[in-house]
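Computed from a prediction, not measured in an experiment: that's the story for all the values here. All values below come from the heavy atoms of this structure, side chains included, with hydrogens, waters and symmetry mates left out.
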Amino acid sequence: MIIKNVQVYREDQTFEPGQIVMEDGKFVETATSDAEVIDAEGCFAIPGLVDIHFHGCVGDDFCDAKPEAIQHMADYEASIGVTSICPATMTLSEEDLMEIMKVAAGHQNGKGAKLVGINMEGPYLSTKKKGAQAGTNIRPCNADEFRRLQEASGNLIKLVDIAPESDGAMEFIEEMKDQVVISIAHTTADYEIAKEALDKGASHITHLYNAMPPLNHREPGVIGAARDDENCHAELICDGVHIHPSVVRATFAMFGADRMILISDSMRATGLTDGKYTLGGQDVFVKGKLATLKDGTIAGSATNLMDCMKTAVQKMGIPLEDAVACASVNPAKEIGIYDTCGSITPGKAADLVLLDKDLNVKAVYIDGKSIPVK
């Protein structure tokens, strides 16, 4: 298949007019003489997005531990241009987490977005910054427990979230840093503790600004420590609710676009109407883009990653070139799958999204096959 007359997103993160060739599920340099030709004049061609932190959508949640739920979520994500997914758990008992891991391990890709990993958000968090996590299941870092869960998942866990001030956290980082990406999350850590965690091998920050102390000119906290570490990458939820546009712009200026990762942090209400839903066993009330617990605590988002990327560009002033990288290239690199996806490169999986000039999704391809668009 040849898609011609498009603005192609290149590996140097610029757009250039050209064409894209897909054959046998891969991007290739040249096509056979009888290849189908599609004229997509006026469209941007970008790599399929990679969401490495979301909980659910269209009524389902990863923690439901149901094969049909994973497939339903994968189908929805594909329809809006997210072609690779790394869904997140919540703070649950080991028994519940074990069941989730086993169900994920049994999932077969081939339809919808590809399940490429698991983000283990909890249970090694701070009760003081638990957000929508269940405090009753929060516990100290446990390397043996993590290994059991990783084995059950078939080595799908790509990120594990910890509060570095908690008991055993530093030892956990040193022991596990070469086996999984360790992220600082739901924490009361100050600058010194966060810096120590990063120095020992943590390299990622979960939903920057949320569930952590704010950046203060005398107490820079986790945010300041993350900014100072060039090897640290940070997630941003650009749904227009979690972070003010001015702060998003300031963060890109402080960190640089190459260290930013856009996520949705979406919960099961995403893609549905306002109403009452659940997240991690707790009731969540959704109105528009805002999802909250009964006490008003923000409980994930009700916005998918494509809409977050679009919001970052159209309402927050982030250049499209940067936003695409932060929603595809950077997350793919972060969880170690950039050799197979995340860019329009010959030899990689032909995961592609066509956007019109207003950034509306016009077409999605996974392994070169057309996917129905939402």
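The closest side-chain donor-acceptor pair between H72 and D60 falls under 3.5 angstrom. Defined by atom type and a distance below 3.5 Å, a donor-acceptor pair is missing between the side-chain atoms of N304 and K374. D51 and S264 form a side-chain donor-acceptor contact under 3.5 Å, judged by distance and modelled atom types alone. No side-chain donor from either of Y365 and T83 sits under 3.5 Å from a side-chain acceptor of the other. Between the side chains of H55 and D265, at least one donor N or O sits under 3.5 Å from an acceptor N or O. If you check the side chains of T89 and E121, you find no donor sitting under 3.5 Å from an acceptor. Between the side chains of T187 and S126, not a single donor N or O lies within less than 3.5 Å of an accepting N or O. T303 and S301 share no side-chain donor-acceptor pair at under 3.5 Å. Side-chain N/O atoms of E334 and N330 include no donor and acceptor closer than 3.5 Å. Side chains of D283 and Y277: no donor on one and acceptor on the other come within 3.5 Å. Using modelled atom types, one finds no donor on one side chain facing an acceptor on the other under 3.5 Å when comparing Y76 with Q71.
Pairing each heavy atom of G81 with each of V353, the nearest pair is O-CG2, 3.5 Å. Considering all non-hydrogen atoms of both residues, D228 and Y191 come closest at OD2-OH, 2.7 Å. Across V364 and A78, no two heavy atoms sit closer than the pair CG1-O, 3.4 Å. Nearest heavy atoms, I118 versus A104: CD1-CB, 3.7 Å. The two atoms that bring L262 and A312 nearest to each other are CD1-CB, 4.5 Å, heavy atoms only. Closest of all the heavy-atom pairs between K26 and G347 is CD-O, 3.5 Å.
With hydrogens and angles disregarded, no donor-acceptor distance shorter than 3.5 Å links the side chain of Q133 to the backbone of M90. Listed for the S183 side chain is a donor-acceptor partner under 3.5 Å among the backbone atoms of T206. The backbone N or O of D96 lies less than 3.5 Å from a partner atom in the side chain of S93, making a donor-acceptor pair. The closest donor-acceptor contact from the side chain of N216 to the backbone of G221 lies at 3.5 Å or more, if one exists at all. T270 places no side-chain N or O within 3.5 Å of a backbone atom of S266 that could act as its donor or acceptor partner. Side chain of H186 to main chain of K129: a donor-acceptor pair is present (N/O by atom type, distance under 3.5 Å, no hydrogens or angles). In terms of modelled atom types and a separation under 3.5 Å, the side chain of E165 and the main chain of T188 share a donor-acceptor contact. Side chain of H233 to backbone of R259: no donor-acceptor contact under 3.5 angstrom is found. Side-chain N or O atoms of T251 include one that pairs as donor or acceptor with a backbone N or O of V247 at under 3.5 Å.
For the pair I344 and I20, the minimum side-chain heavy-atom distance is below 4.5 Å. Side-chain contact between K114 and I366 is present, with heavy atoms from C-beta onward closer than 4.5 Å. Contact of the C238 side chain with the V248 side chain is registered, since non-hydrogen atoms from C-beta on lie closer than 4.5 Å. Using a 4.5 Å heavy-atom threshold, the side chains of P140 and Y124 count as separate. Put simply, the side chain of V222 reaches to within 4.5 Å of the side chain of I205, judged on heavy atoms.
Within a 6.0 Å sphere centred on CD of E230, heavy atoms belonging to other residues, nucleotides or ligands number 12 at most. Within 6.0 Å of NZ in K66 there are 12 or fewer heavy atoms belonging to other residues, nucleotides or ligands. Within a 6.0 Å radius of CD in E219, other residues, nucleotides and ligands contribute 12 heavy atoms or fewer. Within 6.0 Å of the CG atom in D358, the count of heavy atoms belonging to other residues, nucleotides or ligands exceeds 12. Around atom CD of Q314, more than 12 heavy atoms belonging to other residues, nucleotides or ligands sit under 6.0 Å away. Around atom NZ of K195, no more than 12 heavy atoms belonging to other residues, nucleotides or ligands sit under 6.0 Å away. Within a 6.0 Å radius of CD in E95, no more than 12 heavy atoms belonging to other residues, nucleotides or ligands are found.
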Please report the C-alpha distance between E175 and R147 in whole Å, then the side-chain angles of each, then the deciding distance to 0.1 Å, and finally whether the salt bridge (charged side-chain N to carboxylate O under 4.0 Å, His left out) criterion is met.
CA-CA 11 Å; E175 190 171 351; R147 288 192 187 94; 2.4 Å; yes
Using the side chain to side chain donor-acceptor pair (under 3.5 Å) rule, take T14 and E321 through it: C-alpha gap first, then chi angles, then the decisive distance, then the call.
CA-CA 6 Å; T14 62; E321 293 83 352; over 6 Å; no
Can you check salt bridge (charged side-chain N to carboxylate O under 4.0 Å, His left out) on K289 and D307, steps first, answer last?
CA-CA 11 Å; K289 292 183 177 182; D307 283 344; over 6 Å; no
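Aromatic rings from F15 and F44 are positioned such that their centres are separated by under 6.0 Å.
No single ILVMFWY cluster, assembled from side-chain heavy atoms under 4.5 Å apart, contains both I263 and I184. F255 and I261 are not part of a single hydrophobic cluster, where members link through side-chain heavy atoms under 4.5 Å apart.
In this structure, H53 and H207 have tilted ring planes: the angle between them lies in the 30° to 60° band.
The side-chain tip of K348 does not point at the ring of F27 from less than 6.0 angstrom away and within 45° of straight on.
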